[in-house]
Structures are given as C-alpha cells and as structure tokens.
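Have a look at the structure below before the remarks.
Since the structure is predicted, the reported quantities are computational estimates derived from the model, not experimental observations. Sequence lines set the chain letters: A, B, ... in the order given, protein chains first and strands last, and positions in each chain run from 1.
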Number of protein chains: 2
Amino acid sequence: MSNKYVYFFGEGSAEGSASMKHLLGGKGANLAEMTNLGIPVPPGFTISTEVCRDYANGGYSTDVVKEIENNILKLESVTGKKFGDLSNPLLVSVRSGAAISMPGMMDTVLNLGLNSQSVNAVASISGNPRFAWDSYRRFIQMFGDVVMGVPHSQFEEKLESIKAFHKYESDTDLKVDDLKELVELYKIVYKNKTNEDFPEDPLKQLWATIGAVFGSWDNERAIKYRSINKIEGLLGTAVNVQSMVFGNYGDDSGTGVCFSRDPSTGENYFYGEYLMNAQGEDVVAGIRTPQKLSTLETGNPSIYNELLSVKNRLENHYRDMQDMEFTIEKGKLFLLQTRNGKRTGQAAVRVAVDLVSEGLLTKEEALMRVTPQQLDQLLHPMIDPKILNSLKPVAKGLNASPGAACGEIVFSPEDAEAKSAQGRSVLLVRRETSPEDIGGMNAAEGILTATGGMTSHAAVVARGMGKPCVAGCKAVEISGKAMKIGKDYFKEGDIITIDGSTGNVYSGKCNLVYPTLTGELKEFLSWSDDVRSNAERDGVKTGFDVRANADLPIDAKRALEFGAVGIGLCRTEHMFFDEEKLEHFRRMIVADSLTERVDALQTIKEMQIKDFIGIFEVMNNLPVTIRLLDPPLHEFVPGDELGSLAKMLHKDVDELKVRIESLKEQNPMLGHRGCRLGITYPEIYDMQVEAIISGAIECHNRGIKVFPEIMIPLVGTVNELKILRERAIEVIDKIFKEFSCEIQYKIGTMIEIPRAALTADEIAEYADFFSFGTNDLTQMTFGYSRDDVGSFVPEYLSKKILKEDPFQVLDEDGVGKLIKIAVDKGRFVKPQLKMSICGEHGGEAKSIEFVYKTGLNLVSCSPFRVPLARLAGAQSVIRNRI
Amino acid sequence: MSNKYVYFFGEGSAEGSASMKHLLGGKGANLAEMTNLGIPVPPGFTISTEVCRDYANGGYSTDVVKEIENNILKLESVTGKKFGDLSNPLLVSVRSGAAISMPGMMDTVLNLGLNSQSVNAVASISGNPRFAWDSYRRFIQMFGDVVMGVPHSQFEEKLESIKAFHKYESDTDLKVDDLKELVELYKIVYKNKTNEDFPEDPLKQLWATIGAVFGSWDNERAIKYRSINKIEGLLGTAVNVQSMVFGNYGDDSGTGVCFSRDPSTGENYFYGEYLMNAQGEDVVAGIRTPQKLSTLETGNPSIYNELLSVKNRLENHYRDMQDMEFTIEKGKLFLLQTRNGKRTGQAAVRVAVDLVSEGLLTKEEALMRVTPQQLDQLLHPMIDPKILNSLKPVAKGLNASPGAACGEIVFSPEDAEAKSAQGRSVLLVRRETSPEDIGGMNAAEGILTATGGMTSHAAVVARGMGKPCVAGCKAVEISGKAMKIGKDYFKEGDIITIDGSTGNVYSGKCNLVYPTLTGELKEFLSWSDDVRSNAERDGVKTGFDVRANADLPIDAKRALEFGAVGIGLCRTEHMFFDEEKLEHFRRMIVADSLTERVDALQTIKEMQIKDFIGIFEVMNNLPVTIRLLDPPLHEFVPGDELGSLAKMLHKDVDELKVRIESLKEQNPMLGHRGCRLGITYPEIYDMQVEAIISGAIECHNRGIKVFPEIMIPLVGTVNELKILRERAIEVIDKIFKEFSCEIQYKIGTMIEIPRAALTADEIAEYADFFSFGTNDLTQMTFGYSRDDVGSFVPEYLSKKILKEDPFQVLDEDGVGKLIKIAVDKGRFVKPQLKMSICGEHGGEAKSIEFVYKTGLNLVSCSPFRVPLARLAGAQSVIRNRI
C-alpha cells in the first residue's frame, strides 16, 4: 500500500502520470499526463484504485479522508471557486476510471455542488437561468439514480407529466419555471424513496458520490462486463473529481468525441463527432445524432485548429491512435479525456503499419499493438461479392462495426441469450443498446440499432467484441417482438443479414464469404513471421511455425493464402465423405471377406492418390502432415435406409443390418477408432500409406517438392506405434523399390490420449514428431464428451466452476500439465523432437502462448485462424524472451 | 556369463544345489540337492539355462562342447557303462527343466544310447529281449518325434497295422519279433521323413537331442504356456542328461509320483500313485489308471519305508510339501525328481498353517507360501449345499481340482476358445487333455476328462489355473461333438455341472454358491491382518486396510464375514434399481417442476434412510464410504415401453419421450453424470446427504457406532468439490441442529478423472480422503470404453500390444503414473490424507502391491475378493520392507 492516495492535476502540472494506470485508472492517468503536457484540462484530482479496494473492505482510513479534504481545498484554491459558494460555486464531475477501459460500465455524476443556493449563483454567473436549473435537475436525477438507487423512471415520469401538461414535444421546450417546478418534484421523488431530504451540503454530496462510484465497481453490470471481457487482476476503479466545464452553456459551447485516426478503417484522418450546446453524455448515449468534426473546421476554425494541434501532440506523445473527449465552454477548449482508441481489427493493423512507416514504432512494437482477437475480426464473414450487386438493401444505417452477419432477429438480450444457447444464430435488434444488454450482444451474431452514432454504446461494444454492427438505422421501427423497415414487416425469428462494413441491412439470408488478406495485413503478418522464425530457446533457433488443418486442395489453397507454411493436419476421413468414395468405403466396411475388403480398398486407393496429389501440388515445397483414418467405422454407414446400400452392394439387408449393428458402440469416442483400426484392419492403413507415398512419388517425378508426414492417431501405448510404424515402413520400402525412387518422409504420432502423454518417453523412440490433439486430450483429461457437455458446461461456466470452456481455451492446469509431461519426456529421449498442436486450440491466442512456452515448435489451425495464430505466435515469442 | 556350463551329479555329491534354479532349472537344481543329501539319484549332468540362451542365439561355444564331452566321460566312468558299448551300454534320458515348472510343455527323450548293436547288449544284460526291443522302438519314436519332427501318428500307424495283422488287442501282446519288425518299420518311417538313416552313434543321438530340447523352449506350446501363466524373465530351459533307470524291467520294477501331503486338501498324509512294470511317462500321461501308494505299503514295505524316509527328509529339508517322482529298478529305489508340489488353494493354506504349527515356518514365511490366486480358488463357486442332497450325479470321476462349474459342453479346445470369446460359459470335455489344449482349458469354466488320474495333465494344469476339474471319469464316452454317460446322451451346447471337489458330474445347471472361510483360513488371514495393520512408512505406522465394495446390507454382511474392516464403496444408485424406488426415481427424473422433483425426492429419501440404516447396523463400529449418485439419469429410464411409465406417472407419452430422449448422450461415459449431476440437480445430492446423516443419527441414537464417509464422484476440477462439499456441510449442519445431535463424518472424493489426478493438490484442500476409481481412470487414461473394448483389446493382448488387460491388472506405466502424481500432490498439501482404491483393481494382487508401494492406505474390493486382498496386502507389506 502506498502512502499517497490522491493525485492532483491542474494548472499545467500533475502529481500522476500515464505510467500510473494501475493506481489512477486509465482516465486519471491520462488526465495527469495531459496536464503535464500543458494541454488544457479542467483541474481536479484522482482518488486511487487502492482506495476502491479499501472501500470494498470496509471504508476509508483517516489518512485517505484527510488527503481528499486537502485536495478539495487545493481544487477550490486553483479554480478560485468554492463548494456551495453563493457567488462563485465550485461544480465538479465525479467519474469512475479503471486501469482497463470499461465503457459505460460504471457510474458518473455531473454538476455536483449544486444546491438550492448555488443554482442561483450559476444562473447569474452564466446569465442563463435555464441552463442552471436544467443542470440542477439533471444533477438531482443522476445523484438520486447513481448514489441513492432511486429509479431513473420515477424522475422521467415527472418530466413526462410536465411535458404532457404543457403539451411540450421536446425537453428543450421546458421553460425555467418548468425546470424549477421539476426540481421540486424530483426532490419529492428523492425523499419518498430515500426518506431523506436531497442533500444541500456539496461535501456531503461529494462523499456520497465518491462512495457510490467506488461501489459501482462491484455492480452486476460491471462484474458481467469484466467476465465477458476476461478482465482480471485489477484493484478496482479510481475516482476522478474534476471541476466542471459546460458544453451546454449555450451556442458557443459544445462537446465532442474524436479519434486521431478512423477507428473503423485506421485511415489517418481526424475523425470525430460533436454536438453544440450539449453535455458529453448526450454524444455517447446516442440520443441525438451528432455532427461530423469536419463541420467544426469550417464552423469554428480556431477551436478546430487548437483541437488538431492537441490531437497531434497526444498521438506523437502516446505513439498510438487516441480517443479523446473535449468540451468547448464559451469558446474555450478543454480536453476531458484521452486514451488509446478502441478500434476495429482493420484499423488496428492499418494504424500499426502506418505508425511504423511514420517512424513512431518499431515493427515489434507494432506487432504488440494488434490483438489476435482484432485480427480475427478481419476474418469475419462478408457478403459474397459476387452476389452483392444483385442485392437490394432494405435499409442503411451506420457502418458501426465491420463484418457481415445473418440470423434470426430477436428484440431482447434475454431472447438472444436463450436462442443462442439452443445453437441458433440470432441478430439482436434494439432501439439502442445499454450496458444491461451486454449478455445478449455477446450471444448475437450481430447487432442492429435504430438510433445512436458511431460512438454509441452499441457501436463501441460491438467493435470491442469484434461483432458486426449496423447502428443508427433510422428506418427501423420496433414494436414489441416485431419491426417495420419501410414497407417490410419482420417478426421475431425472421432472418435478415447486416453488413457492418457498409451499414446495409438485407432481408433474408445472404451468402457470406471470408475475405483475403489486404496488402498492409500481409506486410504486418510478414513481420510476425520474421519474429517467429527467429525464435530461440536456450540459444538454439527453434522457430515457431504456423501450419493449417486442411483436408482438401481448396482448403490447402486458402491455408497458403493465409500464410500457413505447411499442413499440420490433413484428415483423410474427410476425403471419404465424398459420395463416390463413400460407396467404396462402405463396401470395404461391410466386406464379408478379406479379398472383398482389399478389392474395395484398391478402388479407394486410386482415388486417395488423386486426393493427395491435389494437396501436394498446392503445398509444393511445404510439409504436409497426413493423419491416417481416425473415426470409428460406424460413422461411415447410414443409420437407416439400408435398402439402397444393400442393393448397391448386392448384399442382403438383414445381413447388412447385423454387420452395421455390430459396429455400434456405447461410447464411440472411447471405442474402436484411430490406430486401433490400423491394428485390427491393417489393410486400411496399408492402403492409406500406399496412397500417400505413391502420390508423393508421382508429384516428385513431376518436379514438385513433397514432404509427406504420416501421422498415426490415438496412440495410447508404444507398441501400437511401433507395430504400425514398422508396417508402414515395410509398405513404403516396397513402393520405393517398385518405383525405383525414394523420397523423404516422416512417421509421427498424435498425442491425444492421456496415457500417450504419460508414456511419451517410450513413444518418442518410434516417432519422428508429436502432434498434440488437444480436442481429444481435453475430452479424456476432463472426462467430457464434447457432444454431450451442453447439459452442464454452460452451468459450470456461469457458476465459475470452469473459468473458460476448455474446448475453446486450453486448460493449462490439467491438459497443459499432461502436455508439459509429454514434452519433457519426449525431449528427454529425443532433444530435437518436433512437436506441434493441431486441435482447435491451435488457433486460440492464449493457448498458443501456452504451448510456445511449453516448448512446442509449431501450431496448426483452421485456415481462417492462421493469421491470428501467426500474430499470436509472434507475440508469444516477444513476450517470453528472457 | 559364468565360466561353468555343465554341472555333474552322482555318487553322493553334486556340483550344483537347490539354490541354483535360475541356472540349472528346478529339476536339475533339485537332482543336485538330492544327490548331496545322499538320496539315491541316478547320476547325470545338467547343462545350464545360459547354454539355452546361447543355443537360441546361434549355437554352442567350444568351451561348452568341451565341458559336455568331459561330463559324458565322467558319467561313463561313474556308471561303469559306455555309450554304444556292446557289453554294457550307457542309456540316458534327456529332459528339459526350467527355473519355473512348466509341466509337459517341453520335450523329453528316453532310452537314448540304443542302436542296432546295443539293443542286443541290453537284451542280454536284462535277460529280457522284449524289454530291450520295446525300449528301442520307443526311443526311435521319441527321437523321431521330438528331435526330427516325424509325426507321432506315422509311427502309431505302423504299430496299429502290426497289431491288426496279428489281431492283438493291446501293445503288451506284441512279441519280440514283432518289436524287431516294428523297429525296422520305424526306421523306414524315419528315413522317409528325414532322408537320413536313424543315427547309430549314441553321441550323435545325444547332441541332436540336447539341441532339440533347448529348441523346445521356443515352441508354440511352451510360449503359450508362459504367456498364460505370465512366466517371464527366464533365460531358458536347462537340459538334464541322466543315466536311465527302468521301471519297466519287469514286475520287480515300477515307477510312481508322490506328494508329501495331499495336494488337493493339504492333509498331512503320504499321497501318491504308481504303476509296476511301467515307464514314468505312463503315470503322468494318464493312459493307465495307476495304483494308490497305500498298496505299495503292503505290497513292498521295504521300498515303501525307504520312500517314506526320503519323503520326510526332503520335506524337512525344503520346509515345504514335495512332489516327487521315483522309479524302482529291479527292487532298487531311485528318486528322479523332487519339487515343491503344486497344490490347490485349500491345500496351500492347510500346508502353510500346518508347517507353522509343526515349527517349520514362521507366520510371515507361511503368508508368503500361499499365492493370492490360490486363495481366490477357495472363493470359487460351489454347488448350493441346500440342494446338494436332492441332486443325483450322472457320473463320478476324480476330484482333481476343487470348485464347481457349470456351462455348455464343448469337445475341443478351439470350440472352448471360440464360444468363450462370445461370452458364453463352457465346460471342456476331453478323453484326456494334452499340452496343446492349454488355450481351451484356460477359456473353459471347468474341465471334465474320461481318463487320467490325479496327476494327469488335466488335473495338474487345472489346479494351477484354479479351475474346477473332474478327471478320469470313466463313464464318459465321447464321440465327435457328443458324449454318452451311462444312458444319458449330451451334445455340444448342452449344459452340465461338475464339482471338482467331489468328482461328481450333474446334468443341467445347478445353483452355485460361494463358500465361507474355514477355520484354518481364518487363522491364516488373521496373520495377514497383523502384518498389514503394522505396516510402516518412514517409521510411521500407516496400516494397509482392506474394505469391501458393498451396496446392500446383505453384501455388507458377507464383507464382514470375509474380514473387511469397513465399506470402501457403497454405490447408492444400486439402491435405486429396487422396483419401488425406481418408480419414484423415474418420477424425479421426468419431473416437470422443481416442486414435483423435490416431492419425488422426499419419498426416495425416506427409503434411502432405511437403506443406510441397514448398512450402518451391519457395519457397527466400522467406517462406511457412501458414494453419491454417479450414473447418468438415462440409465434409470426405460428404453421403450413408455406407456406403463406414463400411466403410472400420469404423464403424456410423447412428452415423456421428449424428456427421455433429451437425456440420451453420444458418450454417456463422458457425459452428464457423477458430481455433474450434483451441480446441476443439487436437490438430488441434498437428498442423499440428508438420508445418510439422518440414518446415521438414528443409528447413533440406538447405540450403533457410525462413521459415515460421503464420497463425491467424478470430480475433475476443485470447484466442483468445493461447491458440493460446502453445500453438503450446510445440509448436515441443518440436520445436526434439527436433531440436536452431532456425529463424526468425512467428505471426500473419487479420483477417477485424469484431471483430478493432475490437480490433486488443489482438490486435496477440500477432501478428507481420496479414493481412486481405477475403472474410470483406466477408461479415460487409455481412452477405452469398457463396454466397447471387446472389438480390439483381445487382439491387443494376443499381439502383446498390451501385456495385460488394463481393466484387470492396473496399468502401472500410465494409470499408475497418474496415481503417483495424485498421491504426491495430495500429500504435499495434506501429508496424512487417507487414500484408497475402490476399482476392480482393489481385488487384484499385482495392483494391490503397486498401490501399496505408491502409498495408499487401503484397498476396497468386492466381498469375495476380500480374503485375496488381505493376503496380497500382507505380502506387499512383507516384500516391500526396506
């Protein structure tokens, strides 16, 4: 615990700095930093996050109280104003601000310091009584709501009833006397609910508000937000008490939000929105549609230029794209906040690449500026460009978060969560979103809102989540569980498509496709390749490669486009699902004799050779790891309707039924599959090995460089691998002799059974490589059937029994321990043994970092996740240098 | 490798001794020892097992050849005979003999040294030309068969044709001239097959035979025998070359086999069988039915008394029951073999207990003299004594190996193996068994033979396997795949019952029951309890207890009778399969509302309380570990026929179908079961905890001492246990308050998921004990579904991919490593944490020793295996003292 709890800023200097985010929160640290940079910031002080923790544990110490009191005095002295002063009263804002930004998650109170006396002073100083009384009634409402828990709606009712009585259409029609009456009515609402008079004493107001803001750290919304965004390890929020400046003094006042670069595309132009005669929350809340910053350039060039200069100084100082809030009070500019701007994946890459070419960042620094999740956004679906021209949007809104999505529409976050839990794709349609909607937004494929701008809640949160969002789509009229767009009606469950990159909304389902890599992304990722290929361990260059899981030439092509340096997992069984091959494969399965089986296999072999040639051609000069047959035979035969199969195979239906019935298993996951098939039906693996090597030799003879790697799945005991390896080598040697040609090849194994990990030293003797199949390894280590966990894992996650779904994020404590055991044992026997991971986790950033640290040489993931893996791998290398 | 390869014995002294079994084999070591003891043994020499290894690796060294040659000269000198000598030729037997006895598995050649010259010498010396020529033709046949692979049947054909020509009924009808002619015919058979003349040179005969006997170590039969009997780590067989003595010289000669005590019951009386005018193989092969030793006592008291004296010296010398072979040559006694006798479990215990009371063994030595497998025999089924008097046997044979068995009859070892593989119980019926039948004998529940005595192949092997056997049942007439017993006909597949303890054979299936412990077994096992309760680790008394798995009071009673000191696993779900409870349990499962479910649970609770009280009453003063509900709910609902369930529950059939369908899982083993149910349906575990504690309190109030231990199954993450433990404690505290009574209890967990083992340190924080559920742990560590392994594990065993079925013998390399990890991690957090094993392995001797060494405190197994576990546990303690 420090000895200092409160940090003052104002008059060109501050006690804090940008490096103190952990203590001052992001907002407080940046207010201090800006002050030190000489940028106009209303003075104030920040109460540190340590005090939040103490508050939660029982209250403030006397030291803290004393320090806050001293800072209040200092603030009064610096501003020349005094709390409750009848001629020049000090008004302050009280805002939360944690080390990691949690937009809209915690509470804010403005205009604090107003009471039945000072309101008159403000009226006379500002020459604008309406402003003064409006500020006062807003303060009562906010204080009542945030500090004392008086429902927002109870105040709104009073407001609406006065408006109705006077037949006013808008809040701005309210006159000073109406506002004075409203203040009295609000105070009655306040007293009815709290049994107390609304506090007159500004200090009492302040202490209560500070406590409420600290308390908001642990409100349900904030907890859920941190859970969804996996924010952990923070002490709490800091509280910023800052003297007020008013954007709603009149028409020479205003407030706005701006980004030093476009947060959607990353383009280097000064981007922002503002509203004149408004308070800051009006812009963010998306209730009024704001003006573009470019209009300020023409409307008020001097303010614009001052803002531009501030922007440049901040960006150069922070060496990153800034998200700033400003207020113009009676023609004077104040900065209320700056922070590194949230951005789309596209923008993140663009900004990082630009900052490198502008000389502000090194390439490695740039690599750390883009999160793997942001990159993942770039790989979100888009509407098939081929059909795009033929599509007619039913409406257009703001392109608030890029990517396209389609799904059933739902109108409440609860419905979104419920239907998504049933495995359905939903789009959440809302007038506007609010922090309570977080869960539903997370569950939805995309978000469509009727009001709100690019910095509205929906837009900011959707970008953070990497979800497509069309915001402020005014054509949308919502009524209960239905909506109208122009002349079209949609009810819950109807399907629409949104394109968050254009703002277009389409009726029905549109075909979605994945984008390819842009030029700057390619460059950016090539830097990551450099970092990974230079990865060292104990002074030896080990590299850390990214390959792709691809079963067909078309997948292999995509993998190559996305930068994979090989195929890490080619599942041969996927080839059998092709109609023609399936027929012969089934013939093989139900064969009555070895001759019949071998005959069917012969036919399949010829087809498999073509499959492998297709892949080798694409992957010229790159290694291709081919896994031999893995799933149980039962998966390949039809469940019912044996008639047509029987006819085709000239077999008796009943006999067929008996054969197929005999293949059924109680727990197929733990049954007769993988190398167990290779042992009991050696002719199947023989055929596959023959096909791989024959195909490879044919390619080799055509000048294609082939590096086939044969992978034996589901090994649990060394003898399985020993027998299958020896047999494969026999088969291969025969082919080499037959073709009078030898090529390089490897034979390795999956480590996907706990016992394989535990006996990896024995297994390593017979393996040229290990590939961790973390899907199966997770199933068996947890004893979870991936097909069946739906009945309890969601509850486990919500009850925090599991921190994360172990099928998404590799479980370091359990599965990770087995991997570590296997790495240690395997390398003990073969210090240079190549090891990789090819489960889903190979495309998940946290898991990638774990396996890098554990000593693996490469990851393999689905082609779409290759770019993410390339970046996450590079970041792992950078972060874990000693 | 030693410098000495051949060990001479003869003339009252020998170069070897009983302690050299590893080098000389059991037979050779004991021949040496007997010679040194001054017991009459025909002189000879033993070629060591090291030479067998060298022979397999390519041949003898010159040193070996020289040593053998020297020993031949020495043997000639000692006997005063010479190989091929025309007046006094040396004849020898050549016998195999490994360190571990493998009866009948390897080859033997007798009468070696005979040729067309020496046969005349033998004729004149013996004054019995018929004997000489009969010995010669036997030698040609044995040498041809054993050494040169001439089929036995080709010689037999010649024999039969001569007998047919002369219309002889028996071999003994053959005259000298017939035998001379037979010798010529045999030599032609020999030459036709081998393209060589039958060797005349005795040294050539000898070298070829020594090589064949060494080679027989690796014949198929011998390999299979070692595999079934898990004989490993031997160098090979030794070869014993010994001068012949003849039991078939005439009526003053004979041969026999005797045991120093009854090998079936262990009773201390001199037990044996012999045949006058016969060679040793005639007794063992069971072709002629031999006479009891008691007739020798009256028939030839001087030889009998000499044999009795030899028996007593040998038993006192070896301090164990002896199995001896003797030959009387012209009224002179020779011992050809002694070894510790194979015996039934019953005999093993009786002998061990008697030897302690005779002062020959200490109690701990006695404990090591009975194998856990032998003890297991005692727990084999017997025919229900209640019905025994009403049963009428269809035949009676010899009570060759105790225990009763019933099953479908089969007439070939192949059929026995095939049907047993289909899961059917079979009884193997044979005229007589031979070493080729081993596989079928192993597959059968029991063996019935028509000929052969108590020391016949069938009897010896069956006793070794612990399988019931009725031998020499003369009433049995076999014809193809059918048999006739008296007037009753039986065909393959008909069911019979045999009682190996009485020799009775019954038609049809008889009710079998398990025996209780006899007085001497009780005493014997009480010694094991002393050893286990005094077990120490690092100077601290840890004990090593045996509890039983028991679900119902009747099981608990049996467990107590068999000496369990508590219940280690009471599976509550077995209670639900009771008809009445099942109805309510199903009502609970398909309940539409929590109220309905809680209502059904309330009814079940009252019934469960009674169940627990029943068990607590039986286990007064002993701990009872109760596992909460484990299997998936789907197991409790009917697959089809929902009509009656729907009616009973007043539900709609279709709704019911939907509910039940929703419970189905792809891989139920890895699904929604165990503590996962406890988390998602907390009311079920609440009910069970309430029932346990309420029942315990009621017993406590009635003066019964209760020690309930609540066990949470299938924990994979610490949070599951934490939540369920805390909830259970809440429930318990409420009951304590309600009843104003507190009792001792524990809450622990199963370690049966690999992840639980890997995170045992975290889990230990919330566990009062660990119990390793090695069934599930084996399933998940191997990725084997116990229900589905039938399709590949048999092949894995035959291909030696797996040394043993891991569901029978704990896999030390994989599962064992996880157990070790869990023990280390658990004890790191709680050094005194009690740990047990409660899978099938808790009743398997090798697994028991492993878990003892790994540091577990107790094992729990099925009641019938408790005696075995008590002994195996004690042996583990004794063997692993430092």
Within-4.5 Å side-chain heavy-atom neighbours: B/K817 and A/T759: yes
Given that the side chain runs from C-beta out, which part of B/E720 has a heavy atom under 4.5 Å from chain A: side chain, backbone, both or neither? both
Taking A/N719 for the side chain and B/K800 for the main chain, is one N or O donor matched with an acceptor at less than 3.5 Å? yes
When only pairs under 4.5 Å are counted, which of B/S791, B/A756, B/A757, B/G674 shares the most heavy-atom pairs with chain A? B/S791
Within the side chain of B/D788, is there an N or O that forms a donor-acceptor pair under 3.5 Å with the backbone of A/E665? no
If you measure from CD1 on B/I801 to SG on A/C675, what distance do you get to the nearest 0.5 Å? 8.0 Å
Measure distances from B/T781 to the heavy atoms of chain A and classify the residue's part below 4.5 Å as side chain, backbone, both or neither. both
A quick test of your reading: do over 12 heavy atoms of other residues, nucleotides or ligands sit less than 6.0 Å from NZ of A/K830? yes
Is the side chain of A/N667 donor-acceptor paired with the backbone N or O of B/S785 at a distance under 3.5 Å, no angle test? no
Structural part of B/D811 lying under 4.5 Å from a heavy atom of chain A: side chain
With a 4.5 Å cut-off on side-chain heavy atoms, are A/L670 and B/Y784 touching? no
Nearest 0.5 Å, what's the CZ-CZ distance between A/R676 and B/F792? 4.0 Å
Can you tell me which portion of B/K722 sits under 4.5 Å from chain A's heavy atoms? Options are side chain, backbone, both or neither. neither
A/V815, A/L758, A/L677: which one forms the most heavy-atom pairs within less than 4.5 Å of chain B? A/L758
What part of A/I821 gets within 4.5 angstrom of chain B, counting heavy atoms only: side chain, backbone, both, or neither? side chain
Do B/M780 and A/F782 come close enough that some side-chain heavy atom pair is under 4.5 Å? no
Can you establish whether the number of heavy atoms outside B/K803 located under 6.0 Å from its atom NZ is more than 12? no
Residue from B/L818, B/L802, B/D776, B/V789 scoring the most non-hydrogen pairs under 4.5 Å with chain A is B/L818
Test item: A/K799 side-chain N/O and B/I679 main-chain N/O as donor-acceptor pair under 3.5 Å: yes
Side chain, backbone, both or neither: which part of B/E752 has an atom under 4.5 Å from a heavy atom of chain A? neither
Honestly, the part of B/I753 sitting under 4.5 Å from a heavy atom of chain A is both
